[in-house]
Every structure is written in structure tokens, then in C-alpha cells.
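Protein chains get the first letters and strands the later ones, always in sequence-line order, with residue 1 at the start of each. Keep in mind that this is a model prediction, so the values were computed, not measured.
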Number of protein chains: 2
Amino acid sequence: MDAVNRQARPTLVSIAQELGVSRQTVSNVLNNPSVVHPRTRERVDAAIKKAGYRPSAAGKALRTQRSMAIGLRLYRAVDGINGAVMDRFLHSLAEEAQRLGYQLTLLTADDAAGEVEKLETLYRSASIDLAVLTDTGMDDTRPARLRENQVPFVTFGRPWGRIATSDHCWVDVDGAAGTAAAASWLRELGHERIGFLGWPEGSGVGDDRRAGWWATVADLPGSAGLSVAVLDDHPSAGVEGATQLVARGATAIVCASDSLALGAIGHFRTVGRLGEAEVPVVGFDDTPVARATGLSSVHQPVEQAAVDLLELAFTVLDGKTPARPQRLLEPHLVQRRLQPFAR
Amino acid sequence: MDAVNRQARPTLVSIAQELGVSRQTVSNVLNNPSVVHPRTRERVDAAIKKAGYRPSAAGKALRTQRSMAIGLRLYRAVDGINGAVMDRFLHSLAEEAQRLGYQLTLLTADDAAGEVEKLETLYRSASIDLAVLTDTGMDDTRPARLRENQVPFVTFGRPWGRIATSDHCWVDVDGAAGTAAAASWLRELGHERIGFLGWPEGSGVGDDRRAGWWATVADLPGSAGLSVAVLDDHPSAGVEGATQLVARGATAIVCASDSLALGAIGHFRTVGRLGEAEVPVVGFDDTPVARATGLSSVHQPVEQAAVDLLELAFTVLDGKTPARPQRLLEPHLVQRRLQPFAR
DNA sequence: CCGGTCGATTTGATCGATCAAACTTCTCTT
DNA sequence: AAGAGAAGTTTGATCGATCAAATCGACCGG
């Protein structure tokens with residue numbers, strides 16, 4: 001409650017005066033220590049430590065024309081289950097940015113247009129050096145708009161659809177490889193009628209995941225009929241879908257998400273096959289719920305994605321050309337045993 | 001991939017020269033329009049718009065000694081279900097900060113000490129004007145440490161435990177009022193043996209929620225024996241707890257979280273009472289899962305919390321004393337009907 | 001003994017904004 | 001017609017850092 005008495009902050013000059021050296025020497029101790037005489041350096045270091053001095057971000061930003069901040073839109077939480085992956089990504093990105101000396105600045109927007117507009121404003125006011133886009137959808141116009149406005153950006157997620165020729169930097173997880181791994185595993189377990197439970201065609205991510213399944217089961221007779229699409233990414237939709245797949249003779253199911261997979265498992269519980277499900281189900285995203293339930297699931301390496309994304313970004317910001325400006329990361333399958341009853 | 005050619009950004013001076021006026025006039029148009037002659041103002045406004053000029057955040061921050069940013073620690077996502085409330089709060093805070101012209105800057109830390117240290121560094125480097133703490137635990141030392149270091153802060157969550165006398169600004173949700181509302185509702189429905197499913201004593205939030213239930217059922221005979229504590233905030237623990245409560249004769253259950261409530265519902269499903277649960281269960285937090293499942297739950301007004309918190313914060317930063325520096329917000333009970341099968 | 005090189009440090013200019021005070025006009029009063 | 005006052009605009013100084021160039025000594029070879 002005390003009215004915050006903003007005490008005089010130490011500055012380069014105040015530290016310098018205290019020691020009888022020049023401000024540039026203090027600056028050099030911090031940014032270019034090798035040019036400073038060791039004896040001087042020690043004295044300065046001690047004074048800096050004692051005063052708890054930190055260079056002013058504003059002063060630095062003004063001079064260097066770098067804000068050392070990254071802008072990212074925070075999406076409204078829609079679903080406690082699938083928000084989990086974005087949550088992990090957000091955390092990883094914040095962590096990695098911090099490691100590199102950058103700040104992560106959040107923004108909110110109602111739609112893509114609002115997001116682009118706010119990112120542009122932030123960039124023009126030199127509040128951020130870079131934008132990170134996530135949830136790249138089919139025919140996403142954000143990259144083109146940001147490029148027009150000269151806002152540097154990278155995306156987590158590749159461009160889907162017609163404009164897929166865009167050559168900006170991105171990092172994505174190979175969803176097809178994930179579902180392929182899932183389907184392969186089920187084949188190894190001896191299954192020959194492996195179903196896929198996903199969403200209608202038209203979403204980049206969904207189609208990708210279906211493609212991985214298909215590539216793995218195409219040679220098994222009757223596979224074509226074992227793909228079911230439901231509208232919602234929700235357990236209740238998963239129940240429906242699983243019911244259909246089983247009716248068509250599926251003996252194992254690969255799902256496009258953990259939500260759907262949880263519903264599918266629920267289905268088998270309802271029809272009386274509790275515990276060891278006779279129809280194995282594999283989910284996608286390896287959410288905490290999957291972990292708790294004992295659901296096998298495809299795990300996305302989002303930590304790595306964050307690291308790669310920022311590496312790419314800063315290479316470009318430095319004016320260099322990155323070796324591989326687009327990167328597909330390999331997910332891995334986590335094999336689990338279902339818990340007798342969890343959630 | 002194009003090496004970002006950072007084009008010359010328009011500045012106050014560049015706009016001013018273009019129009020043949022002084023920089024201060026342009027500045028006044030933005031910050032103090034009333035002193036500028038309407039004719040001039042229009043010309044300047046047009047030029048600003050045409051050039052897409054935005055004042056440099058760094059320049060402004062350097063001069064005004066305000067970064068217009070707020071620091072907040074992003075916790076590692078532990079649980080897809082209960083992260084939901086923090087997720088909503090994060091979004092609300094980002095939105096409200098943005099509305100007030102502030103940025104939300106994220107930081108990550110391994111523990112409370114790391115959090116305090118990073119917040120202090122950010123504050124000393126004038127990267128943030130204010131820190132927001134969440135998840136205030138029992139005997140939380142962060143407020144004291146920040147105060148020592150002169151870092152202005154507010155907390156979402158009241159101080160629990162011995163140091164509860166701290167007089168910093170906080171906003172919290174009255175958990176006891178929530179569980180009291182839940183228990184009252186169950187009484188109105190005619191129940192006389194209402195159980196409580198929560199966590200062991202010692203967590204501020206948990207004890208608070210139990211207290212609300214107790215205040216409402218204390219006069220009902222046998223209530224004292226109808227409180228069960230489980231260790232994990234997880235559905236599987238909820239199953240166990242519900243089993244015990246029912247064995248002790250509970251005919252309705254108030255839970256400390258949606259996770260536990262979901263487990264409790266699962267219990268009744270397992271024992272054969274599908275659909276309309278004969279033992280009504282009320283959860284806490286009104287997570288997306290509760291909404292989807294049809295679980296009644298206590299809803300926390302986190303949007304309001306974010307608004308109040310920032311209002312308090314900026315009152316203090318302006319050197320004024322807020323009217324009510326500590327605020328308890330009232331949650332409300334959302335009454336729902338269970339879905340036949342969801343998740 | 002002098003010019004040259006290197007190491008260490010200092011000085012001047014600059015980034016882009018705002019505050020405070022000074023300066024011009026113009027109007028209105030007496 | 002001179003002076004006060006208000007309205008509108010401009011100028012100088014400043015926030016705190018970094019870059020680029022200048023300075024200062026010490027050391028060295030010729």
C-alpha cells in the first residue's frame with residue numbers, strides 16, 4: 001500500500017562516477033570485457049554487484065534498435081484437454097526466449113485480422129523484434145499480411161493449402177509420421193483391421209494425421225472403409241466414432257487426438273470391456289489426461305520446436321540465411337497400458 | 001527468408017519535418033490534442049496515419065521511466081484440467097493489460113526464489129513496472145521478498161498462513177462462499193447427508209473450500225464424519241474418495257475441484273448408476289470438462305479478478321491509495337444436468 | 001631521441017520520445 | 001496605442017544506453 005517511492009536507479013554514469021572511471025568503461029565491462037584491464041574490470045564488477053545495477057532495457061533498446069522481445073498471441077482456452085499442447089509450447093517458448101535474453105510479450109485478439117494488426121502495431125512501435133504465429137490453418141493469410149507489412153515472423157506449424165509455397169521460416173511436427181508409427185505398432189501387435197478416427201477433410205493437421213495412418217494400412221484389405229470423421233474434437237464425439245468403427249469391424253483404432261481417444265475408450269467401457277481394452281486405442285498429443293489414463297499416445301516434441309523456431313528466427317534477424325528454414329520434427333509414440341479406472 | 005531490411009521507421013522528427021512543424025507539436029497531437037490548433041491537428045493526424053507512425057516504445061519508456069509492461073510467471077502445465085482456471089486468468093489479464101495500454105511479459109522459473117529473482121532483475125532493468133503473483137501458497141515468502149527489493153506487485157490469491165497480515169494489494173475468489181452455495185443448493189434439494197471431498201489440511205485454498213461446506217452443514221447431524229481428504233487432485237483419487245463417502249452414507253457430494261468431481265461421477269457410473277446420478281456431485285472451477293460433462297460446478301470470476309487486480313495495481317503505481325486494497329470476489333454456482341455419457 | 005604500435009580509457013554524438021520553459025501571434029482591454 | 005493575457009508553437013535539456021573516434025601512456029625498434 002505504500003506509495004511506491006521509486007528510488008534513483010543506478011545507471012552507467014552513476015556507477016562510473018562512483019569509481020572515477022568513464023561510463024564507456026562500465027559498459028565495456030558488461031558487453032566487451034576483454035578490452036578492459038583486469039584490475040579495472042574487477043573494481044567495476046564489484047560496484048555493479050554492490051549497487052545491483054542492471055542496464056536499462058529502454059536505453060539499450062533505444063540505442064540498439066532492438067527490443068529483445070517476441071510477440072505471441074494467446075488464444076482463448078477452448079478445451080482443457082487440447083489446450084495442453086499449446087500450453088507446453090507456450091512454456092517452452094517462454095523458457096527458450098528467456099535463455100536467449102529475450103522476453104515473451106503476450107497479446108490477445110479476436111481473430112486473425114486483429115492479431116496481425118496488433119503484431120504490426122507492436123513491431124512499428126519497436127516493442128517487439130519478431131512475431132511468432134501458431135495454429136496455422138488452411139489458407140492462412142497471416143504470413144502474407146505480415147510479410148507485406150515487413151514484420152519479421154516465424155510460425156509454429158507449416159502453411160497448409162494453396163499458399164503452401166510460402167517460404168517463411170517454420171517448424172512443425174510431422175503428424176503423419178506420428179499416426180504412421182501408431183498404426184505400425186498396431187500392425188506389429190497383429191491387427192489387420194485398423195481404423196482411423198479423425199475430423200472431416202479440410203483441416204491441414206487432420207488430413208496430415210489421416211495420411212500417416214493411410215500410408216501404413218493402405219495395403220490391408222478393407223482399410224479404406226475404416227476411416228471415420230466426426231465434427232467435434234470431443235470425447236462424446238469419440239464415443240460415436242468408435243461405435244461406428246467397431247461396427248465396421250475395426251479391431252484397433254488410431255485417433256487424431258487424445259480427446260477422441262478418450263471417448264473411444266469410454267465406449268469400450270460402456271459396452272462392458274473394462275480394463276484391458278480388447279480394442280487398443282492410440283491417441284495424439286500425449287496430454288496429461290492420456291498419461292493419467294494410461295492411454296498410448298503420440299508425443300510432440302514441442303520443447304525442441306520452440307528451440308528450433310527461435311534459432312531460425314534469430315538467424316534471419318541477424319541477416320543470415322538459415323541452413324534449413326523449414327523443419328519437420330519427428331514425434332514419438334508413447335506406449336502405455338490402460339489403467340483399470342482413471343477418469 | 002529475405003534478410004529483413006529494417007526500413008527507416010518514421011519518428012516524431014521525420015513526421016514533423018515532412019509537415020514543417022516541430023516535433024513537439026506532433027507529440028502534442030498524440031498526447032495532448034486539446035492544445036493543438038484543430039487545423040494543424042488534422043494535418044498531423046493525416047500524416048501520422050499515412051506514414052503508419054507509432055511512437056517508439058523505447059523512446060517513450062526512457063523518457064517517462066515507465067515500461068508499460070507487467071511481469072508474470074508462467075507455471076509449468078501440470079494438469080490439463082485444473083490448468084484451465086489459470087489459463088482463463090492469464091488470458092483475462094493479458095486482455096485487460098492490453099486494454100490499459102500495457103504489455104504482459106512472461107517469465108519462467110523453477111521455484112519461488114527464481115521467480116522473485118527474475119522479477120527483480122526485470123524491474124531493475126526497467127523492463128516491467130509491476131509484478132503479478134499467482135498461486136499464493138501457505139506462508140508464501142514472495143511478497144515479503146519483493147517488498148524488500150522495492151518491486152511493486154499485486155497478487156491473485158490472498159496470503160495464507162501466519163504471514164496473512166501482509167497488507168499488499170490482492171484479489172481473490174471467496175472459495176468458502178462457493179462451496180457454501182453448493183452445499184446450500186444440495187440442502188434445498190432435500191439432502192441431509194452432504195459429503196465433502198477435498199485435500200488434507202494445510203493448503204489455504206483447500207481449507208477455505210472445506211470451511212464453506214462446513215459452515216453450511218454443521219447443523220446437520222453426522223456431518224463431521226462426511227469429510228474425506230485425498231492426496232492427489234486427480235479423478236482417480238476422486239473415485240476413491242467418493243466410494244468412502246457413499247459408504248459413510250453421503251447422499252450428495254461437494255468437491256474441492258472438477259478433477260475430483262469427475263472421478264466421483266465416474267464412481268457412480270462404474271457402480272451402475274449411469275446418467276442421472278442419484279448422488280449429485282458439485283465440482284469447483286467450472287472447467288471446460290465440467291461444461292461438457294454437464295457437471296454442476298462453482299465458477300470463479302477470473303475476468304473480474306484480472307480487471308480488479310490491475311485497477312488496484314495502477315492506483316498504487318500512481319501513488320494513490322486504493323479504496324479497498326484487498327478484494328474477495330464472489331463465485332457463483334452453475335447448475336447443470338449430467339450428460340448421459342460425455343468423455 | 002623520435003615516430004609507430006598497441007592497450008586502455010575517455011569523449012562526442014546519437015537513438016526517439018517528453019517535460020519545461022521560451023517565444024510568437026493575436027486578441028482584448030483601458 | 002500600449003500592455004496584459006491567452007492560444008499556439010517551438011526550443012533546449014534530458015532519460016540511459018552504445019557506437020565510433022579520439023586521447024593518453026607505455027613500450028619498442030631504428
**Q** Would you indicate which nucleotide in C/dA17, D/dT9, C/dT9 comes nearest to any side-chain atom of A/His37?
**A**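 Of C/dA17, D/dT9, C/dT9, C/dT9 is nearest to the side chain of A/His37.
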**Q** Does a nitrogen or oxygen in the side chain of B/Thr11 sit under 4.0 Å from OP1 or OP2 of C/dG16?
**A**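 For C/dG16, OP1/OP2 do not have a side-chain N/O of B/Thr11 under 4.0 Å.
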**Q** Does OP1 or OP2 of C/dT11 have a side-chain N or O of A/Ser22 closer than 4.0 Å?
**A**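 So the side chain of A/Ser22 is outside the cut-off, no N or O lying under 4.0 Å from OP1 or OP2 of C/dT11.
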**Q** Does any N or O donor sit under 3.5 Å from an N or O acceptor when you compare the side chain of A/Arg23 with the base of C/dT10?
**A**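 Between C/dT10 and A/Arg23, which were checked side chain against base, a qualifying N/O pair under 3.5 Å is absent.
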**Q** Once rounded to the nearest 0.5 Å, what's the spacing between atom CZ of B/Arg327 and atom CG of B/Asp172?
**A**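 So the CZ of B/Arg327 and the CG of B/Asp172 are separated by 13.5 Å.
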**Q** For A/Gln24 and D/dT23, give me the distance from atom CD to atom P, rounded to whole Å.
**A**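 For the pair A/Gln24 CD and D/dT23 P, the rounded distance is 16 Å.
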**Q** Between A/Ser27 and D/dT18, is there a side-chain N or O to OP1/OP2 distance below 4.0 Å?
**A**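 Checking D/dT18 against A/Ser27, a side-chain N or O does come within under 4.0 Å of OP1 or OP2.
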**Q** Measuring from atom CZ of B/Arg43 to atom CD of B/Glu18, what distance do you get when rounded to the nearest 0.5 angstrom?
**A**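 Here the interatomic distance stands at 10.0 Å.
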**Q** Among C/dT18, D/dG16, D/dT18, which nucleotide sits nearest the side chain of B/Leu62?
**A**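 In terms of side-chain proximity for B/Leu62, the closest of C/dT18, D/dG16, D/dT18 is D/dG16.
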**Q** It should be established whether A/Asn31 places a side-chain nitrogen or oxygen under 4.0 Å from OP1 or OP2 of nucleotide D/dT18.
**A**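 So the side chain of A/Asn31 is within the cut-off, an N or O lying under 4.0 Å from OP1 or OP2 of D/dT18.
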**Q** Find which nucleotide of DNA chain D each of B/Gly20 and B/Gly59 is nearest to by heavy atoms, and output the residue with the more 5' nucleotide.
**A**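 On the 5' side of the pair lies B/Gly20.
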**Q** Looking at B/Arg99 and B/Glu96, is any side-chain nitrogen of the basic one under 4.0 Å from a carboxylate oxygen of the acidic one?
**A**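 Result for this pair is yes, salt bridge flagged.
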**Q** How many whole angstroms separate atom CG of B/Asn28 from atom P of D/dT11?
**A**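 Whole-Å distance recorded here is 14 Å.
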**Q** When all nucleic acid strands are considered with a 4.0 Å heavy-atom cut-off, which category describes B/Thr25: base, sugar-phosphate, or nothing?
**A**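 The residue B/Thr25 makes base contact.
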**Q** Over all strands shown, is A/Val13 touching base, sugar-phosphate only, or nothing at heavy-atom distances under 4.0 angstrom?
**A**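 Counting heavy atoms under 4.0 Å across all strands, no contact is made by A/Val13.
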**Q** Looking at A/Thr64, does any N or O in its side chain come under 4.0 Å of the phosphate oxygens OP1/OP2 on D/dA17?
**A**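 No, because none of the side-chain N or O atoms of A/Thr64 sits under 4.0 Å from OP1 or OP2 of D/dA17.
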**Q** Would one find a side-chain N or O of B/Ser56 under 4.0 angstrom from OP1 or OP2 of C/dC15?
**A**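 No, outside the criterion.
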**Q** Atom CD of B/Glu42 and atom P of D/dG8: how far apart are they, to the nearest Å?
**A**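 Taking atom P of D/dG8 as the reference, CD of B/Glu42 is at 14 Å.
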**Q** Could you state the CD1-C1' distance from B/Ile15 to C/dG16, rounded to the nearest angstrom?
**A**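 These atoms are roughly 13 Å apart.
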**Q** Measuring from B/Arg147:CZ to B/Asp167:CG, what's the distance to the nearest 0.5 Å?
**A**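 Atom-to-atom, B/Arg147:CZ and B/Asp167:CG are 4.5 Å apart.
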**Q** Specify the separation, in whole Å, of atom CG of B/Leu30 and atom P of C/dC19.
**A**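 Rounded to the whole Å, the gap is 12 Å.
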**Q** Could you state the atom-to-atom distance from CD of A/Gln17 to C1' of C/dT10 in whole Å?
**A**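 Distance, rounded to whole Å: 14 Å.
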**Q** Expressed as a whole number of angstroms, how long is the span from A/Asn32:CG to D/dC19:P?
**A**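 Rounded to whole Å, this separation is 9 Å.
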**Q** So A/Leu133 and A/Leu146, do their side chains get closer than 4.5 Å, heavy atoms only?
**A**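 Yes - at least one pair of side-chain heavy atoms lies under 4.5 Å apart.
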**Q** To the nearest 0.5 Å, what is the distance between CG (A/Leu104) and CG (A/Leu90)?
**A**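 Reported value, rounded in 0.5 Å steps: 6.5 Å.
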**Q** Quick one: B/Arg41 CZ to D/dA7 P, roughly how many Å, whole number?
**A**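 Distance, rounded to whole Å: 14 Å.
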**Q** For C/dG16, take OP1 and OP2 only and decide whether either is under 4.0 Å from a side-chain N or O of A/Gln65.
**A**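 A/Gln65 to C/dG16 OP1/OP2: side-chain N or O found under 4.0 Å.
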